[in-house]
There are 2 protein chains.
Amino acid sequence: MKTKKNSTIHDISKKLNLSIATVSRALNNSSKVKPRTKAKILAAASELNYQQNHVALALKSGQSKIVGVVVPFLNHNFFSSVIGSIENTLSKENYHVAIYQTHESYETEVKHIKALLNAQVDGIFLSASKETKDYGHINEVLERNKPLIFFDRKLNVPGTSSVVIDDFKAAYEATTHLIKQGAKKIAHFAGDFQLEIYQNRFNGFIEALKDNHLDFDKRFFYRTDQNVEGGIKGMKSIWQYKDKPDAIFSSNDFAVGGAIQVIREYGLSIPKDLLIAGFSNEPFTQFMETPISTVDQAPLKMGETAAEIFLKKIRKEENLTKENSIILNPTFFPRASSLKNRS
Amino acid sequence: MKTKKNSTIHDISKKLNLSIATVSRALNNSSKVKPRTKAKILAAASELNYQQNHVALALKSGQSKIVGVVVPFLNHNFFSSVIGSIENTLSKENYHVAIYQTHESYETEVKHIKALLNAQVDGIFLSASKETKDYGHINEVLERNKPLIFFDRKLNVPGTSSVVIDDFKAAYEATTHLIKQGAKKIAHFAGDFQLEIYQNRFNGFIEALKDNHLDFDKRFFYRTDQNVEGGIKGMKSIWQYKDKPDAIFSSNDFAVGGAIQVIREYGLSIPKDLLIAGFSNEPFTQFMETPISTVDQAPLKMGETAAEIFLKKIRKEENLTKENSIILNPTFFPRASSLKNRS
DNA sequence: TTGTAGGCGTTATCAC
DNA sequence: GTGATAACGCCTACAA
């Protein structure tokens, strides 16, 4: 196979005995180049299979047309859906989407954000790792004059924007639903309160209990990461007392997956012995024989909204450091796992 | 907030009254710069918060340190896992991973690959869309002297490499398992035979039937995309005759999810009335109350292997157009959905 | 050991 | 309308 080296405007200018300036103008559809010349140049460009070199453009313009997206995990459906939505929205505007996962490590997050900055990305979308407490790397992005947009897991850093859902409301709604279905002793699988989302979900949960004059038994509280093992341990933990809970509100779906394994092992049945509601609307929740009630976090809308904030800022329709904080409406999906009295 | 413009080697050279050449050398740890000078330069660089501009480097060196990954969908666990694995492997080598999804559209695939070439990526990883029949865009990548590595859904284009699993073997194994569990009339949900993987899965299925002296009833064949709707239609289609199948081998998990909805609706039970095996080991398959037998496609190994082929080529340890075709071993996971005689 | 200068591919600002 | 030329930030012969 013959290797075609990329042709440049120099090649075209040489072939046509024109200056590179004219070639550049023609290629950029400038009005002040003679139609005949323009036609010749376009023909030559096509013949030589000319493709604009975006790296040169980026160096010249300071705009790389690349955005970075940093998430804890790629293979959680929620995150990959948000990323897919950002990609759909921004690839239409000729942006490239570079992705990084932190695996919840603060150090990795810092490293990746610096790498993105060095790559001269035009903006960064971040869903923070649970370890992140220091904001130095965030401020560095702002100091470089690049928009930083949080989604789902935001940090309160002045000058940044964010798109989140109303976690408090979602948790309140899910909990109220469990109570209406008869639950009186609801267990909670919580996330790391370092992250606002988990604090808010807990707060919404507690508020719903209060509003319904129910107490919270602290023995039924279990803190866990978003994974199956956490749910296994959590279920075992809350089930160890003589007094049993009659429902679980989990701040993530994966822990529900784990809990259900233990529930089967214990010979219990859902929703008869235990009502269950999760969080995130991971696909598996709807496939279960007893589909799991859960909160949809509107990932597609979230990605699209975040992308649009970015575009607004990059187009200077909005000040870079104007804090554009969008709170999307979550949707609670009641499913069989929490419907006690099904007809 | 004060905006810090990126400092460059010029800023350092000015501050220290040294030439940019010396600064560049010091920053690149060249041996021929006086230790004292080097120390001063490093100090100044740190003070000015100097960060290397990768775009300038890319223009100079012709290496952008960006790779592109193009997949049909991001929010399928298999694809996001492969991408995550590519990211893990290549970010260690300071590469950026830009992602694109085609939604199975050939046009979109071509558009994205051209965009990646314009961005001067150093290589492209592709899992082809089912519509792709023409190889012009692939050859363009090769003509530009960039490695192209297929994963999972490969096309037979000279000069490209690939990492796939042995789909034939996986399908043969899954089908044989169903037969051993007593299945005699196995239905098949097939994918688009335009894609080798689905053809191979079908072939493995048929071969297993033959080797066990079973006929294939063509009424029990249903072609579908990777989604729930396809499984719903497929199940209804194969169940419309008086004569019923006693098992389904589906070439993808999502269709199984759909089929199961209909199975519940019909009041049937798995594995009593119908044995089921799927393909891809999507997470939901193991969460089900009756976990679904499926084939694991080794996404982590696949991503890592593909990334390593890329690195080998980029480091010239291997010729760019040397066709490095890796076939990984799939793992069939027999689960409750296909185990007739559980103890 | 350090400095000068050219070039990577573009665009933009001047002239002509 | 068109052409030289500088500039974006970096690296690297080649000179000194």
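Here is the naming used below: chain letters follow the sequence lines, and residue numbers restart at 1 for every chain. Because the structure is predicted, anything quoted here is derived from the model rather than measured.
Within 4.0 Å (heavy atoms only), B:Gln63 reaches no atom of the nucleic acid at all. Contacts of B:Thr37 with the nucleic acid, taken as non-hydrogen atoms under 4.0 Å apart, involve only primed sugar atoms and P, OP1 or OP2. B:Leu18 comes within 4.0 angstrom of the backbone, heavy atoms only, and of no base. Using a 4.0 Å heavy-atom criterion, one finds that B:Thr8 contacts the sugar-phosphate atoms exclusively.
A straight line from NZ of A:Lys32 to P of C:dC14 spans 12 Å, rounded to a whole angstrom. Separating the CD atom of A:Gln120 from the P atom of D:dG9 is a distance of 9 Å, rounded to the nearest angstrom. The interatomic distance linking A:Lys40 (NZ) with D:dT2 (P) rounds to 9 Å, in whole Å. Nucleotide C:dT4 holds its P atom 10 Å from the CD1 atom of B:Ile20, rounded to whole Å. Between the CG atom of A:Asn28 and the P atom of D:dT2 there is a distance of 15 Å, given to the nearest Å. Spacing between atom CD1 of B:Ile9 and atom P of D:dC8 amounts to 12 Å, rounded to whole angstrom units. The separation between A:Lys65 atom NZ and C:dT11 atom C1' is 16 Å, rounded to whole Å. A straight line from CD1 of B:Ile12 to C1' of D:dC11 spans 15 Å, rounded to a whole angstrom.
Residue B:Ser24 places at least one side-chain N or O under 4.0 Å from the OP1 or OP2 atom of D:dC11. Distances shorter than 4.0 Å separate none of the side-chain N or O atoms of B:Thr22 from OP1 or OP2 on C:dT2. OP1 or OP2 of D:dC8 has not a single side-chain nitrogen or oxygen of B:Asn53 nearer than 4.0 Å.
Using a cut-off of 4.0 Å between Lys/Arg side-chain N and Asp/Glu carboxylate O, A:Glu196 and A:Arg153 are scored as not salt-bridged. With respect to the salt-bridge test (charged N to carboxylate O, under 4.0 angstrom), the residues B:Glu317 and B:Lys312 do not qualify.
No side-chain heavy atom of A:Asn88 sits under 4.5 Å from any side-chain heavy atom of A:Ser85. For the pair A:Val82 and A:Asp152, the minimum side-chain heavy-atom distance is 4.5 Å or more.
Minimum atom distance to the side chain of A:Leu57 is reached by C:dT11, of the listed D:dC10, C:dG9, C:dT11. Considering only side-chain atoms of B:Leu59, the nucleotide from C:dT11, C:dG3, C:dG9 that sits closest is C:dG9.
Side chain B:Lys60 to base C:dC8: no donor-acceptor pair is found below 3.5 Å. Checked by distance alone, A:Arg36 brings no side-chain donor or acceptor within 3.5 Å of a matching partner on the base of D:dG1.
Along DNA chain C, the nucleotide nearest to B:Ala56 and the one nearest to A:Ala21 differ in position, and the one closer to the 5' end is contacted by B:Ala56.
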For a salt bridge (Lys or Arg N to Asp or Glu O under 4.0 Å) check, start with the C-alpha distance between B:Lys114 and B:Glu109, then their side-chain angles and the critical distance, and finish with the verdict.
CA-CA 9 Å; B:Lys114 293 205 167 176; B:Glu109 182 176 306; over 6 Å; no
